[in-house]
Amino acid sequence: MAKGIYKLSVKDLDLHGKRLFMRVDFNVPVKDGKVADDTRIQAALPTLKLVQERGARVILASHLGRPKGEKKPEFSLQPVAGALSRVLGQDVAFVPDCIGPEVAKAVERLKPGQVLLLENVRFYNGETKNDPEFSRQLASVADEYVNDAFGTAHRAHASTVGVPQALGRGAAGLLMEKEVAALSRVLYGAEKPVVAIFGGAKVSDKIDVIQNFLGLADRILLGGGMAFTFLKALGKEIGKSLLEEDRLEVARELLEKARSRGVEVVLPSDVVVAPEFKEGVESRVVSVDAIPADWIGLDVGPQTVAAFKSCLSGARTVIWNGPLGVFEMAQFAQGTLGIAEAVAACGGFTLIGGGDSISAVKKAGVADRISHISTGGGASLEFLSGLELPGIAVLTDKEQ
Ligand code: ADP
Ligand code: MG
């Protein structure tokens with residue numbers, strides 16, 4: 001098997017009649033006691049249906065928001081039980097707790113194929129502390145463990161790490177497997193040339209990912225607010241554009257490292273500037289050598305877009321994280337939308353991660369032409385930074 005991460009899959013488990021503890025991501029927006037967007041519930045269906053067909057007695061666990069160890073009704077998962085019943089077309093039982101005798105009784109009543117949703121695991125501090133006793137209590141009602149919540153895999157919590165440890169075994173759900181396969185493909189088996197595009201607001205958020213791609217990418221394209229710290233590090237006047245003074249040195253070192261390793265770093269050559277961070281104001285395209293002292297750079301310019309596009313043509317692997325401009329405002333969205341189109345058209349394996357980057361790709365209308373959209377947010381970034389995610393590491397290795 002090629003280098004990568006290979007974990008036991010939910011498909012490998014014999015689940016008939018077994019009590020299955022499944023960690024899902026039901027961290028959905030709730031408004032007036034109703035689920036406002038059921039995307040994450042829908043996303044859990046493939047794994048859920050599979051384990052139901054296999055005859056598991058399904059116990060679902062999730063967090064919702066940040067109740068910080070208190071039983072706050074506004075963070076209850078109860079509305080999710082209703083929404084899940086509707087999409088499944090089947091009753092979903094709910095207990096107003098995630099541990100204790102009521103849970104044990106509800107699990108006893110479950111027949112193969114039936115589903116029980118537990119109350120928010122973050123109603124207990126033991127969850128985020130990965131407390132062994134809390135983990136043991138969660139695990140006490142289960143025979144098997146599956147994690148399908150990639151978005152929390154970078155957290156060593158009870159429901160992501162403690163429970164599979166207590167049970168001695170854990171498998172990846174279908175969503176988890178898909179994320180791990182796509183991200184591993186980029187980190188461990190990327191077809192060259194590899195182009196990485198980074199943007200977004202802050203250098204500090206992205207520095208670890210960029211560092212890791214110095215060892216993986218042939219070319220790194222930098223845009224967004226972040227690029228101005230790099231331009232400043234090269235001695236350019238950046239006006240009132242976003243600057244992280246305390247990252248200038250890191251930016252300088254990174255450019256130096258790239259040069260010595262033969263990785264081409266492409267920075268914007270022109271930018272769209274405006275006198276205010278506001279929609280509808282006057283804006284201009286200027287060279288990065290002529291940014292007016294009082295103006296703010298809010299997008300990459302057309303010459304930069306053309307240069308980035310030519311870097312993308314012929315790329316066999318592309319990863320993109322971070323919009324290239326303030327794409328929320330139409331006036332400063334051209335760079336991001338242009339690159340989204342070019343990424344979708346490049347013909348290689350394309351991976352996009354980051355909440356705002358996903359919005360941008362949807363706005364550009366090209367989401368269905370991207371090979372993999374990683375929904376993990378912080379988890380995707382940590383994975384791409386080369387870090388081991390505790391919620392993945394704890395899952396049982398697949399026999400090779
Ligand atoms: P992601 O969520 O995809 O990881 P980030 O959160 O890092 O992306 O960055 C997205 C934000 O960066 C957007 O809100 C966007 O407006 C902002 N941004 C992009 N370019 C600039 C810029 N030139 N100046 C200020 N903010 C910018
Ligand atoms: Mg963001």
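As the structure lists them, so they are numbered: ligands from 1, and atoms in each ligand from 1. When a residue number appears, it is its place in the shown sequence, counting from 1. Note that these values count all heavy atoms, side chains included, but never hydrogens, waters or copies made by symmetry. Given the structure is predicted, the values throughout are model-derived calculations rather than measurements.
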> Who's the nearest protein heavy-atom neighbour of atom 13 (C) of ligand 1, and how far?
Replying inline: E328 OE2, 3.1 Å
>> Does any part of the side chain of D25, heavy atoms only, come nearer than 4.5 Å to the side chain of T152, both counted from C-beta?
In response: no
>> Would M226 count as a contact residue for ligand 1, given that I'm defining contact as a non-hydrogen atom of the residue lying under 4.0 Å from a ligand atom?
In response: no
> Should P164 and N147 count as side-chain neighbours, where that means a heavy-atom distance under 4.5 Å?
Replying inline: no
> Under 30°, 30 to 60°, or over 60°: which ring-plane class applies to Y145 and F21, parallel, tilted or perpendicular?
Replying inline: parallel
> Name of the D356 N, O or S atom nearest the Mg ion (ligand 2)?
Replying inline: OD2
> Does at least one non-hydrogen atom of F332 fall below 4.0 angstrom from an atom of ligand 1?
Replying inline: no
> With a distance cut-off below 6.0 Å to the six-membered ring centre and an angular limit of 45° from the axis, does R185 pair with F349 as a cation-pi contact?
Replying inline: yes
> Which heavy atom of the protein is the closest neighbour of atom 7 (O) of ligand 1, given with residue, atom name and distance?
Replying inline: K206 NZ, 2.6 Å
> Does the N or O separation between K202 and ligand 1 drop below 3.5 Å for any pair?
Replying inline: no
> More than 12 foreign heavy atoms under 6.0 Å from NZ of K178: is that the case here?
Replying inline: no
> Are L174 and L60 grouped together when hydrophobic residues (ILVMFWY) are joined by side-chain heavy atoms under 4.5 angstrom apart?
Replying inline: yes
> When only distance counts, is D205 in polar contact with ligand 1, meaning an N/O pair under 3.5 Å?
Replying inline: no
> Closest non-hydrogen protein atom to atom 8 (O) of ligand 1, residue and atom name please, with distance?
Replying inline: P323 CD, 3.4 Å
>> L242 versus ligand 1: do any nitrogen or oxygen atoms come within less than 3.5 Å of each other?
In response: no
> Taking the side chain from R57 and the backbone from L110, do they hold a donor-acceptor pair closer than 3.5 Å?
Replying inline: yes
>> Taking distance alone, with N or O pairs closer than 3.5 Å, would you say S357 contacts ligand 1?
In response: yes
>> At less than 4.0 angstrom from any non-hydrogen atom of F228, what atoms of ligand 1 do you find?
In response: 23 (N)
> For ligand 1, which atoms sit closer than 4.0 Å to a heavy atom of G354?
Replying inline: 1 (P), 2 (O), 3 (O), 4 (O)
> Could an N or O of ligand 1 be found under 3.5 Å from any N or O of A201, whether backbone or side chain?
Replying inline: yes
> Checking side-chain contact (heavy atoms from CB on, under 4.5 Å) against R247, which of E249, E244, E245 comes through?
Replying inline: E244
>> Any heavy-atom pair between the side chains of V107 and L116 that's under 4.5 Å?
In response: yes
>> Just to be sure I'm reading this right: ignoring hydrogens, which of G200, A360, G199 gets closest to atom 9 (O) of ligand 1? Compare them by their nearest heavy atoms.
In response: G200
> Hey, which atoms in ligand 1 end up nearer than 4.0 Å to a heavy atom of F277?
Replying inline: 25 (C)
>> What I'd like to find out is whether the side chain of L84 reaches to under 4.5 Å of the side chain of F26, using heavy atoms alone.
In response: yes
> Is there side-chain contact between P323 and S357, with at least one heavy-atom pair below 4.5 Å?
Replying inline: yes
> For ligand 1, which atoms, with element, lie under 4.0 Å from some heavy atom of V326?
Replying inline: 16 (O), 19 (C), 20 (N), 21 (C), 22 (C), 24 (N), 25 (C), 26 (N), 27 (C)
> Looking at atom 23 (N) of ligand 1, what's its closest protein heavy atom, distance included?
Replying inline: G297 O, 3.0 Å
